[in-house]
Engineer: 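Take a look at this one; I'll ask things after.
Note that the structure is predicted; figures quoted are calculated from it, not measured.
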Amino acid sequence: MSKIYKDLKLKIEDDLATHLAWLEPNLGEFRVLKQSVDARARHAPHFIYSVEVTKQGEKLSEKAFSLEKISESKQKSVGPNSPIIVGTGPAGLFAALRLVERGIPCRIFERGSKSEERIKGINRFWRYGELDTKNNVCYGEGGAGLYSDGKLITRIKSEHIPYVMNRLVQFGAPAEIEWLSNPHVGSDKIRRVIPKLRSYLLENGCELHFDSQVTGLLYQDSLGSSGSKRIHGIRTIQGQSFFADHVILATGHSAEDMLNHLMENDVFVEGKSFAMGLRIEHPQKSINKIQYRDYAEHPKLGSANYKLAHHDHKTGLGVYSFCMCPGGYVLSSGTESGGIVCNGMSNFNRNSPFANAAIVVTIDHQKLFGADRMGGMKLRKQLETDAFLAVQKSGGTKELPVQSIKHFLDSKLDSESMTTSSPSGIRAVRLDQIVPKFMKEKLIEGLEAFDRNMKGFISADAKFYGIESRTSCPLRVTRDPATLQSVSHAGLFPCGEGAGYAGGITSAACDGIDCADQIFAEIK
Ligand SMILES: Cc1cc2nc3c(=O)[nH]c(=O)nc-3n(C[C@H](O)[C@H](O)[C@H](O)COP(=O)(O)OP(=O)(O)OC[C@H]3O[C@@H](n4cnc5c(N)ncnc54)[C@H](O)[C@@H]3O)c2cc1C
């Protein structure tokens with residue numbers, strides 16, 4: 001039987017194994033469940049651990065997941081009515097994996113290419129500005145998750161989280177994500193997981209169609225027995241039709257063309273609140289200095305992070321940091337040639353000399369757009385286009401638009417050169433003129449509040465990048481909470497972030513699993 005020690009406080013020089021051996025003279029194995037740094041000003045920084053230990057001769061338990069399957073006779077390969085999955089982000093891939101593990105191979109359609117090809121398209125874009133609309137930071141095998149920062153922490157409560165971590169480890173992610181409370185894989189390691197997962201799906205009878213954008217769903221002419229409409233397949237860009245009773249639509253938050261197609265065909269879609277803003281970047285040294293003070297250079301502390309929020313009780317609007325990437329890079333991550341989007345990522349070691357985080361403002365759909373369900377989408381597009389035009393006007397081509405925090409606050413254009421982590425390069429523009437007035441005011445309010453919390457957060461070497469517009473989808477493809485099918489169209493399982501049911505890698509993967517389990521229950 002293992003035992004858990006919570007909230008063990010250790011000085012940064014102390015050795016955990018030695019401390020545990022002192023606590024448990026009969027110590028067997030141990031693993032760290034949680035490690036955080038308490039760097040509050042009143043004392044020297046120290047680590048806080050939760051640790052699971054065993055006695056000598058005992059082993060720490062391995063997690064095992066056994067799933068009910070459909071009968072052997074049905075398990076070999078896909079057939080003409082096998083489930084279809086659209087999109088190979090975390091939602092689509094985990095839906096496919098779950099179906100396969102339940103004995104139901106499926107057909108998967110992806111608008112972009114295999115990850116190895118996709119990466120070439122991304123590099124061309126960053127280097128030469130040639131956007132490949134099929135293969136970019138959001139599209140292609142692995143979805144937005146492939147080029148993500150790979151933080152796997154989530155706010156959702158789902159029984160599937162241990163399964164997701166276990167399977168990621170099975171396909172090559174670091175073993176520690178199975179037990180750490182704030183797991184991080186890093187972009188470099190996620191990229192190695194995806195081809196292994198692909199091989200597993202293929203070996204187990206799935207069909208994978210790359211470079212096969214799904215341009216529309218197939219709608220049944222007659223109403224079903226319950227009077228509801230049904231979909232019965234998909235159509236691809238090659239003009240081919242594929243039929244299925246179950247279609248999981250996991251196309252991510254950028255696939256506006258698919259959302260337009262759904263609305264044109266009366267699939268029920270509604271506007272939803274989301275968040276939008278800019279991305280801030282500091283030298284990592286400055287963040288380490290603020291958080292760790294005299295210990296900033298201590299080799300055991302690594303790159304410091306932060307999490308900040310400011311809530312205005314009068315308006316109910318919040319401004320907060322999101323997707324903080326210590327030792328990271330700011331990426332140009334758009335999907336359309338006339339718009340600019342930024343996002344952040346880091347590698348497993350988090351060792352770039354920069355720290356970045358989104359600073360976003362709540363976009364309350366009802367308050368801002370009322371009955372206009374496309375309001376959020378229109379605002380997102382407008383800001384991305386304005387950012388693109390500003391870069392062009394400044395003489396740039398492929399660069400990300402930036403403004404120092406100092407000049408964002410005093411409404412001026414930067415004239416001095418700035419350093420950047422971004423592989424696309426940067427151009428100085430007036431971001432304060434691009435974001436709407438309410439957003440600018442909220443961002444300033446937030447910056448001032450954050451600077452009170454973290455003295456030096458507003459500094460001469462901090463800058464904003466534009467536009468952090470794709471934190472989640474401004475629309476929801478509404479589904480029945482029990483069947484997980486569209487409320488207007490049976491057979492359609494809107495899934496993951498693009499459908500409005502996830503906001504990150506782990507939650508998207510869990511949503512894919514839920515949809516797959518629902519299909520399993522129906523087929524069984
Ligand atoms: C740079 C970056 C960093 C991020 N960092 C983190 C992080 O650290 N932690 C975290 O939790 N989240 C992070 N995210 C967000 C996370 O990646 C997404 O929440 C997650 O990938 C959503 O999963 P999904 O499967 O719902 O959609 P996506 O991952 O967006 O996948 C959708 C897939 O559908 C495909 N597709 C779209 N339209 C079609 C079509 N018509 N036909 C066929 N295929 C189609 C796309 O090509 C894509 O592969 C980051 C995102 C980015 C861009």
Engineer: Is the distance between the ring centroids of Y306 and F457 under 6.0 Å?
Structural biologist: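 Yes, the ring of Y306 comes within the 6.0 Å limit of the ring of F457, centre to centre.
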Engineer: I'd like to check the ring-ring contact (aromatic ring centres under 6.0 Å, His included) partners of F47; sequence neighbours left out, ordered by chain and number.
Structural biologist: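 Counting only residues at least two positions away or on another chain, F47 forms a ring-ring contact (aromatic ring centres under 6.0 Å, His included) with Y49.
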Engineer: May I have the list of side-chain donor-acceptor pairs in residues 155-164 shorter than 3.5 Å, sequence neighbours left out?
Structural biologist:
| unit_1 | atom_1 | unit_2 | atom_2 | d |
| --- | --- | --- | --- | --- |
| S158 | OG | H160 | N | 3.0 |
| H160 | NE2 | D514 | OD1 | 2.8 |
| Y163 | OH | E101 | OE1 | 2.8 |

Engineer: Do N182 and Q35 have side-chain atoms, one donor and one acceptor, less than 3.5 Å apart?
Structural biologist: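 The criterion, which ignores hydrogens and geometry beyond distance, is not satisfied for Q35 and N182.
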Engineer: How far apart are the C-alpha atoms of L8 and L20, what are their side-chain angles, what is the distance that settles it, and do they pass the side-chain contact (heavy atoms from CB on, under 4.5 Å) test?
Structural biologist: CA-CA 10 Å; L8 289 178; L20 289 174; 3.9 Å; yes
Engineer: Is there any salt bridge (charged side-chain N to carboxylate O under 4.0 Å, His left out) pair reaching into residues 195-210, and which pairs are they, with sequence neighbours excluded?
Structural biologist: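 Found E116-R198, E141-R198.
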Engineer: Which of these, K134, E256, R470, sits in a side chain to side chain donor-acceptor pair (under 3.5 Å) with T335?
Structural biologist: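 Answer to the side chain to side chain donor-acceptor pair (under 3.5 Å) test with T335 among K134, E256, R470: R470.
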Engineer: Is the backbone N or O of A275 less than 3.5 Å from a side-chain atom of T471, with the two atoms forming a donor-acceptor pair by type?
Structural biologist: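 Checking the backbone N and O of A275 against the side chain of T471, a donor-acceptor pair under 3.5 Å is found.
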Engineer: Check the pair L249 / V477 against side-chain contact (heavy atoms from CB on, under 4.5 Å), numbers first and verdict last.
Structural biologist: CA-CA 10 Å; L249 192 67; V477 188; 5.7 Å; no
Engineer: Could you tell me whether R111 sits above the aromatic face of Y139, with NZ or CZ closer than 6.0 angstrom to the six-membered ring centre and within 45 degrees of the axis?
Structural biologist: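 Because its charged atom sits under 6.0 Å from the ring centre and within 45° of the axis, R111 does stack over Y139.
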Engineer: Restricting to ring-ring contact (aromatic ring centres under 6.0 Å, His included), what partner residues turn up for W126, sequence neighbours left out?
Structural biologist: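 Per chain and number, W126 pairs via ring-ring contact (aromatic ring centres under 6.0 Å, His included) with Y147.
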Engineer: Measure the CD-OG distance between E497 and S472 for me, rounded to the nearest 0.5 Å.
Structural biologist: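 Nearest 0.5 Å value for the CD-OG distance: 6.0 Å.
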Engineer: Looking at K34, I'd like to know if its NZ atom is crowded, meaning that more than 12 non-hydrogen atoms belonging to other residues, nucleotides or ligands lie closer than 6.0 Å.
Structural biologist: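 12 or below, so no.
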Engineer: Between W179 (side chain only) and V32 (backbone N and O only), is there a donor and an acceptor less than 3.5 Å apart?
Structural biologist: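 Yes, W179 side chain to V32 backbone: donor-acceptor pair under 3.5 Å.
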Engineer: Kindly determine whether F354 and Q284 satisfy side-chain contact (heavy atoms from CB on, under 4.5 Å), including the steps that lead there.
Structural biologist: CA-CA 4 Å; F354 294 94; Q284 181 67 52; 5.7 Å; no
Engineer: Spell out, as yes or no, whether a donor-acceptor pair under 3.5 Å connects the side chain of S352 to the backbone of G328.
Structural biologist: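 Here the side-chain-to-backbone pair exists.
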Engineer: To the nearest 0.5 angstrom, please state how far the CG atom of L152 sits from the CD1 atom of I177.
Structural biologist: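 Interatomic distance, L152 CG to I177 CD1, rounded to 0.5 Å: 5.5 Å.
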Engineer: Excluding sequence neighbours, so at least two apart, what forms ring-ring contact (aromatic ring centres under 6.0 Å, His included) with F171?
Structural biologist: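 Here the qualifying residues are Y200.
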Engineer: Could you give me the CA-CA distance, side-chain angles and deciding distance for T18 and L16, then say whether side-chain contact (heavy atoms from CB on, under 4.5 Å) is met?
Structural biologist: CA-CA 5 Å; T18 313; L16 178 63; over 6 Å; no
Engineer: Looking at E281, K463, R279, which one forms a side chain to side chain donor-acceptor pair (under 3.5 Å) with N356?
Structural biologist: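 Output: one option passes, namely R279.
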Engineer: Begin from the C-alpha positions of D461 and S286 and carry the test side-chain hydrogen bond (donor to acceptor under 3.5 Å, both in side chains) through to its verdict.
Structural biologist: CA-CA 9 Å; D461 52 15; S286 309; 3.2 Å; yes
Engineer: Is the terminal nitrogen or CZ of R98 (NZ for Lys, CZ for Arg) located under 6.0 angstrom from the six-membered ring centre of F520 and within 45° of that ring's axis?
Structural biologist: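 R98 over F520 ring: no.
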Engineer: Can you list everything that forms a side-chain hydrogen bond (donor to acceptor under 3.5 Å, both in side chains) with T88? Sequence neighbours excluded, please.
Structural biologist: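 T88: side-chain hydrogen bond (donor to acceptor under 3.5 Å, both in side chains) contacts with E110.
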Engineer: Evaluate whether atom NZ of K59 has more than 12 neighbouring non-hydrogen atoms of other residues, nucleotides or ligands under 6.0 angstrom away.
Structural biologist: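 At most 12 heavy atoms, drawn from other residues, nucleotides or ligands, come within 6.0 Å of this atom.
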Engineer: Do the charged groups of E13 and K300 touch, with an N to O distance under 4.0 Å?
Structural biologist: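 Result for this pair is no, no salt bridge flagged.
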Engineer: Around atom CD of Q238, are there more than 12 heavy atoms from other residues, nucleotides or ligands closer than 6.0 Å?
Structural biologist: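 Above 12, so yes.
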Engineer: Is any NZ, NE, NH1 or NH2 atom of the basic residue among K151 and D149 found under 4.0 Å from an Asp or Glu carboxylate oxygen of the other?
Structural biologist: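 D149 and K151: salt-bridged.
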Engineer: Are the side chain of S321 and the backbone of L308 linked by a donor-acceptor contact shorter than 3.5 Å?
Structural biologist: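 Looks like yes, one N/O pair under 3.5 Å.
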Engineer: Let me see the working for S394 and R427 under side-chain hydrogen bond (donor to acceptor under 3.5 Å, both in side chains), right down to the final yes or no.
Structural biologist: CA-CA 7 Å; S394 76; R427 295 297 295 192; 3.2 Å; yes
Engineer: Please determine, by modelled atom types, if T54 and E29 share a side-chain donor-acceptor pair under 3.5 angstrom.
Structural biologist: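 Note: T54 and E29 side chains miss the donor-acceptor criterion.
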Engineer: If the test is side chain to side chain contact (heavy atoms under 4.5 Å, CB included), which one of T420, I426, V429 qualifies with V402?
Structural biologist: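 Testing each of T420, I426, V429 against V402, the sole residue satisfying side chain to side chain contact (heavy atoms under 4.5 Å, CB included) is I426.
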Engineer: Within this structure, what is the SG-CD1 distance for the pair C495 and I85, rounded to the nearest 0.5 Å?
Structural biologist: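 The SG atom of C495 sits 8.0 Å away from the CD1 atom of I85.
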Engineer: Below 30° counts as parallel, above 60° as perpendicular, anything between as tilted: where do the rings of F109 and H209 land?
Structural biologist: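 Because their plane-to-plane angle is under 30°, the rings of F109 and H209 count as parallel.
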Engineer: Is the closest side-chain heavy-atom distance between C206 and V100 below 4.5 Å?
Structural biologist: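 Touching, per the 4.5 Å side-chain cut-off.
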Engineer: Do other residues, nucleotides or ligands put more than 12 heavy atoms under 6.0 Å from Y128 OH?
Structural biologist: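 Check fails, neighbour count at 12 or below.
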Engineer: Taking atom types as modelled and ignoring hydrogens, do the side chains of N347 and S187 form a donor-acceptor contact shorter than 3.5 angstrom?
Structural biologist: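 On atom types as modelled, these side chains do not qualify, holding no pair under 3.5 Å.
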Engineer: Are any of the side-chain heavy atoms of V185 and P174 separated by less than 4.5 Å?
Structural biologist: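 They are in side-chain contact.
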Engineer: Report yes or no: do E52 and S2 form a side-chain donor-acceptor pair below 3.5 Å?
Structural biologist: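 Judged by distance alone, the side chains do pair up.
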